[in-house]
Amino acid sequence: MLYGRDAELRLLADLVTRAFDGTGGALLLRGEAGIGKTALLGAVRETARARGGRVLSALGVQSEASVPFAGLHQLLAPVLTDHTPSLTARQRQALFAAFGMTTGHPPEMFAVGLAALELISGLADEAAVVLLIDDAHWIDGPSSEVLAFVARRLEADRVVMLIAAREGQDTVLSDAGLDELQMAPLDDDAALALLTAHAPELDRSVRDRLLAEAVGNPLALVELPATLASDGSVPRTLLPWLPTTRRLERSFLSRASALPDSSRTALLVAAVDEEGDLTEILGAAQVLDGFAHPVASLEPAVDAGLIELSGHEVRFRHPLVRSAVYHAATASRRLAAHTALATVLAGHPERRAWHRAAAAQGPDDDVALDLEQAACRALHRGAPRAAAEALRQAALLSRPHTHRGRLLLRSAEIHFELGEASVARRQLAEARATQLETGEWLRLTLWTEALNEESWFTPERVRAFADVADRLADAESDGAALALRALWPLSIGCWYGNPTEETRGLVVKAARRLQSDDSEPMVLSIAACADPVAEAAWVIDRASRLAPGAVDDPAEQHALGASLTAVWAYDLSWPYLCAAVDGLRHQGRLGLLGEALASQAWAAIQLGKHRSARTAADESRRLSRDTGRSRWAYVADLALATLAGERGESDVANELIRTTEAELLSAGAQSILAFAQYARGRHAMVNKQYNDAFEQLARILDPADIAYHRFVGCWGIADLIEAAVRTGRDAEAEHYFAELEALAERTTAPFLKAMATYARPLVVPEDEAETCYQQALDTRLLANWPFHRARLLLAHGRWLRRRRRILEARRPLRAAVESFEALGVTAYGEDARAELRAAGETVGRPTPSTADALTPQELQIARMAATGMTNREIGTRLFISHRTVGQHLRHIFPKLGVTSRGQLHLVDLGSD
C-alpha cells in the first residue's frame with residue numbers, strides 16, 4: 001500500500017487510462033532518493049498488466065552510464081526479436097547498429113529515435129504500452145536522447161512513458177520539456193500510518209524519533225526501524241545530522257556487513273555489474289575469490305531484503321543498496337571487482353573496456369587503447385558524444401608522451417563537429433601540454449585558431465589560420481579538406497558578423513588556396529558567406545555552371561544552398577536546398593535538417609513560395625528545438641512571423657516577433673535581430689504603416705544600430721524605398737535606390753535586380769513612371785519572383801487609378817488579386833481587392849483555399865497522403881509515429897470535406 005500517495009496514484013492512473021483510450025504522453029517524476037518514485041512505478045506496472053497492457057522497463061545504473069544505448073537496449077530487448085521485422089529495413093539497420101548487432105554506416109541519433117518510436121508505436125497497435133524508466137539520471141546519454149525524442153511524440157499513441165529521476169541530478173530527459181511531477185515528503189499523518197504499519201510495536205518515543213529522522217521519506221520510514229538495537233532503542237550510529245540518503249545507506253550497509261564473506265563478495269560484484277546477470281556475477285565472484293560461488297551464496301542477501309533474484313537477473317531492492325555496498329568496500333576491493341568482471345566480459349569488448357578503466361590504478365596505455373576502440377565502436381553505433389567521452393577517459397589513462405595528446409585532439413574534433421565549442425577549446429588546451437606528431441600539432445593549431453572567437457575577425461588571425469591551413473594541406477592527404485571544414489563555420493561568422501573588408505578578402509583567399517578546382521562547392525560556400533558583395537558574381541557564375549548531381553552529399557547541398565541565399569541567389573539555391581532537405585530527412589540528420597529547413601523557408605519567402613515557406617519554417621522550429629539548436633528555431637520563428645503578417649494574422653505576427661526578440665536579447669544572439677526587424681518592417685508595410693516600416697527597415701542598414709546587418713538589410717530594401725516614397729522622404733528613397741542598383745549591378749544577383757526593377761517606377765520622375773511600370777512588367781526580370789510581380793501589378797493599378805485612369809487600372813489590379821490569392825498572401829490580396837473596388841469593379845469575397853484551412857504539418861501530411869504514401873512512410877519522413885499520422889488525417893478529412901485518403905487527390909492542396 002502506498003501511504004499518502006493517493007493524488008500521485010490518481011494522476012498516474014489517469015495517464016495509463018488515457019493511454020488505453022488512445023492518447024499517450026510522458027511524465028517526469030522528480031524527488032529525493034527513497035521518496036517513493038520506484039514504488040509508484042511498481043504500482044503502475046501492476047495496474048497496466050492487470051488491464052492487459054504491455055510494460056517495458058529500464059533501470060539506470062551508474063556503472064552503465066558510459067555504454068552507449070545500453071538503457072535503450074534494456075528497454076527494448078524483450079521485443080526486439082519478434083517485432084523488429086515490422087520496421088523498415090533502414091529502421092532495423094539503425095536500431096541494430098546502435099545496439100552493436102550489425103555493421104554498416106553509423107546511424108544518426110534520430111534515425112535510431114525514429115526506429116524506436118515506430119517499434120513502440122507498432123506494439124501499441126496490439127495493446128497499450130507503458131514505458132517505465134527508473135533512475136533516469138544514470139541512463140546513458142545516447143539512450144536518454146532517444147527516449148526524449150520518443151517522449152515528445154506519444155500524443156497519438158497508446159503509449160505512456162513514466163520517467164523517474166533523482167532530485168538535483170540532471171539528465172537529457174530533464175530538458176525534454178516534459179510535464180513534471182515533484183514528489184514531496186509524506187505529510188505527518190501518512191508518515192505515521194506507514195511507520196505504524198511496518199513497525200507497530202515501537203515505543204512512542206522511539207516512533208517519534210524515527211518520524212523526525214525520516215522527514216517524510218517513505219523508504220526511511222520502512223527501513224530505519226530495522227536499524228534499532230535489540231532493546232528497541234535508537235542506536236548511536238543513526239546520527240541525526242546525516243542526510244536521509246546517507247542514513248538509509250548506513251541502514252542497508254549494517255545488514256550487508258552481517259552477511260557471510262561469500263555473500264558479500266557476490267553482492268559487491270552485483271553492485272559493479274550493470275547488467276545484473278547472474279552468470280556474470282557468479283563468474284566474476286569466482287575470479288575474485290579464487291573458488292566457485294553457487295547461487296546459494298546470494299540467498300542471505302535476498303533474505304536480508306537487499307536484492308531480489310528473478311530467473312537469471314539480480315536486482316537490488318533500491319539503488320541506495322547498490323550505492324551503499326559499492327562505496328563501503330575498500331578501494332582495492334572495488335578495483336579488484338572491476339578487474340574480475342572485466343575478465344568474464346571478454347566477449348563484450350565495450351563493457352570490458354569501461355570496467356578495465358574503472359579498475360586502473362594509474363596511467364595505463366593498454367587500457368587507454370582499449371577505451372579508444374570502445375570510442376570507435378561508439379562512433380559506428382551513432383553515438384559521437386559517447387565516443388568523445390571515451391576518448392577523454394582514454395586520454396586521462398594515457399601518459400603525456402604517448403597517446404594523451406592524440407586522444408584529446410580527436411575528442412576535441414568530435415566536440416567541434418557537434419557544435420560544442422567550449423568543450424573543444426578546453427581539450428585542445430590540455431592537448432597542447434602533451435607530446436604530438438607534426439601533423440597533430442598542425443591540426444591542434446588549426447582548431448585552436450578556428451575556435452578563437454575573441455580575436456578571430458582580424459586580418460592577423462586570418463593570416464595565421466591560412467598559414468597553418470597551408471602547412472596542414474601539404475603535410476596530410478586530407479589536410480585541405482580538414483582546413484576547409486574548419487574555415488566554413490568561420491565564413492558563416494563573417495556573414496553574421498561585421499569584420500573588415502580586408503578580413504573578408506583574406507578568408508576567401510585562404511579558401512581558394514585550398515581548392516582542388518575552380519568550382520569546388522565548399523570553396524564557393526565559404527566565398528559566398530565570407531564576402532557576399534565582392535564574391536557574389538563569381539559564386540553565381542560558377543554555381544550556375546555546376547552540372548546537376550555535381551553535389552550529391554546532403555550536407556554539402558545544404559552548405560551550397562544556404563550560401564547561395566547569402567548572395568541573394570534564391571532561385572539558384574532552391575534546388576540545392578530541396579535536395580538537401582530530402583537527403584538529410586532520409587539520413588535522419590535532424591539537427592542539420594532543421595537548419596536546412598530554415599534556409600529553405602527564407603528562400604521560399606523571397607521566391608513567393610509562401611505555403612512551402614510556412615511548412616518548412618514550422619518543421620524547422622520543431623526540429624531545431626528538439627535537437628537543442630535554439631538559434632535556428634528563432635530564425636524559423638521569424639520566418640513564420642513574416643508569413644503571418646502577410647496572411648493578415650497581425651496578433652500572431654506581433655507575438656512571435658516580440659517573444660523571439662526577447663529570447664534573442666536574453667541569449668546574446670544579436671546577429672539574428674535583423675531578422676526580427678525585417679519581420680517588423682514587412683508587417684508594417686502590409687498594414688500600410690509606412691512611417692513605421694521605414695524606421696524599422698532603416699535600422700537594419702544603420703551601422704550604429706544593434707540590429708545592423710548589411711546583407712539582411714538588402715532583403716527589405718525595395719520595401720524601404722517604397723516606404724520612403726510614401727512618407728515624403730524622396731532624398732532617402734533616391735539614396736537607397738542608388739545603393740540597390742549599384743549592388744545589383746556588382747553582384748549580378750537576380751533577386752536584387754528584381755528588387756531594383758520593382759522599385760524603379762517608385763523613384764523616377766512622374767513622366768517616366770508609366771514607361772518603367774510597363775518595362776518592368778514586360779521583361780522576364782520578375783518571372784521568378786511572383787510575389788514581387790504581384791505587388792508591382794498592385795502598385796501600377798493604384799498609380800493608374802489615382803490618375804483617374806479607372807478602366808486601365810482594373811486589369812493590373814485584377815491580375816494582382818488573382819496572384820495574391822494563388823500565393824495565399826491574404827493581406828496584400830485584401831489591399832488589391834480594395835483598390836479594385838475603388839476602381840468601380842464589383843469584387844466578391846475571396847474563396848478560402850482549402851490548403852490554408854490546414855496547419856502547416858497537416859498540409860505536409862495531406863500532400864504526402866495524396867501521392868499515395870502510407871502512414872508509416874509519412875511518419876518516417878516527418879519523424880513521427882504512424883499512429884500520429886493517422887490522428888492528423890482524422891483531423892484533416894473533415895477540414896477538407898473528404899472521408900478518405902483516396903479523395904485527397906481531388907482536393908486543391910495549393911502549390912507554389
Side-chain angles (χ1 to χ4, degrees), residues 152 177 562 565 570 574 577-578 581 590 593-627 629-665 667 669 671-687 693 696-697 700 707 709 712 715-716 719 787 820 823-829 849 851-863 878-880 888 910 912:
R152 288 189 289 258
T565 68
Y570 304 105
W574 186 251
L577 291 173
C578 291
V581 165
L590 268 65
L593 176 59
E595 293 184 25
L597 284 164
S599 298
Q600 188 185 47
W602 280 102
I605 287 174
Q606 309 301 358
L607 288 164
K609 301 177 182 291
H610 287 66
R611 291 189 181 92
S612 292
R614 193 161 168 252
T615 57
D618 179 73
E619 187 176 10
S620 173
R621 73 193 299 208
R622 286 184 282 105
L623 293 182
S624 296
R625 287 189 168 90
D626 262 2
T627 54
R629 302 184 183 220
S630 57
R631 293 196 176 201
W632 286 99
Y634 300 147
V635 170
D637 284 338
L638 292 169
L640 286 171
T642 303
L643 294 163
E646 292 174 359
R647 286 165 59 91
E649 300 168 351
S650 293
D651 290 344
V652 174
N654 284 326
E655 181 62 16
L656 272 172
I657 295 169
R658 185 189 65 77
T659 56
T660 305
E661 192 171 54
E663 289 172 344
L664 289 172
L665 290 168
S671 59
I672 306 175
L673 287 174
F675 292 78
Q677 285 305 119
Y678 175 76
R680 286 187 192 281
R682 285 290 285 265
H683 185 236
M685 287 295 294
V686 167
N687 290 286
Q696 300 292 354
L697 294 171
I700 313 175
H709 196 300
V712 174
W715 296 359
D719 290 318
F787 174 61
F820 287 130
L823 294 170
V825 184
T826 310
Y828 276 111
S849 168
D852 294 333
L854 305 179
T855 68
Q857 189 172 51
E858 286 174 345
L859 181 57
Q860 274 186 301
I861 290 171
R863 285 176 168 175
L878 298 182
F879 302 96
I880 55 180
H888 278 298
D912 291 320

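All figures in this text were calculated on a predicted structure; none of them were measured in a lab.
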Quick check: do Gln600 and Trp574 have side-chain heavy atoms less than 4.5 Å from each other? yes
Non-hydrogen atoms of Ala596 and Leu577 that approach each other most closely: O-CD2, 4.4 Å
Thr615 (side chain) donor-acceptor with Ser612 (main chain) under 3.5 angstrom: yes
How would you list, by chain and number, every residue that makes a ring pair (Phe, Tyr, Trp, His ring centres under 6.0 Å) with His709, sequence neighbours excluded? Trp495, Phe711
Which residues pass the salt bridge (Lys or Arg N to Asp or Glu O under 4.0 Å) test with Glu655, not counting sequence neighbours? Arg658
Apply side-chain hydrogen bond (donor to acceptor under 3.5 Å, both in side chains) to Trp715 and list each qualifying residue two or more places apart in sequence or on a separate chain. Tyr570
Here the pair of heavy atoms bringing Ala667 nearest to Arg631 is O-NH2, 4.1 Å
d(Leu590 CG, Arg622 CZ) to nearest 0.5 Å is 10.5 Å
Would you say the side chain of Ser620 lies within less than 4.5 Å of the side chain of Trp602, judging by non-hydrogen atoms? no
Are the side chains of Leu593 and Val581 in touch, meaning some heavy atoms are under 4.5 Å apart? yes
CG of Asn654 to CZ of Arg680, rounded to nearest 0.5 Å, is 7.5 Å
Which value, rounded to the nearest 0.5 Å, describes the distance between Asp651 atom CG and Leu656 atom CG? 11.0 Å
Does a side-chain heavy-atom distance below 4.5 Å link Thr855 with Asp618? no
Nearest heavy-atom approach of Ala641 to Ile657 is CB-CG1, 3.6 Å
Is it true that Phe787 and Tyr828 have ring centroids separated by less than 6.0 Å? yes
Please determine whether a side-chain nitrogen of the Lys or Arg among Arg625 and Asp637 lies less than 4.0 Å from a carboxylate oxygen of the Asp or Glu. yes
So, His610 side chain and Gly608 main chain: donor-acceptor pair closer than 3.5 Å or not? yes
Single hit among Ile672, Thr659, Val635 for side chain to side chain contact (heavy atoms under 4.5 Å, CB included) with Leu664: Ile672
Is any side-chain heavy atom of Gln857 less than 4.5 Å from a side-chain heavy atom of Ile880? yes
Side-chain contact, heavy-atom cut-off 4.5 Å: Pro856 with Glu619? no
Verify, without hydrogens or angle tests, whether Ser624 (side chain) and Arg621 (backbone) share a donor-acceptor contact under 3.5 angstrom. no
Arg611 and Arg614, any side-chain heavy atoms less than 4.5 Å apart: no
Nearest 0.5 Å, what's the CD-CD distance between Gln677 and Gln696? 4.5 Å
Beyond-backbone contact of Arg682 with Glu646, side-chain heavy atoms, under 4.5 angstrom: yes
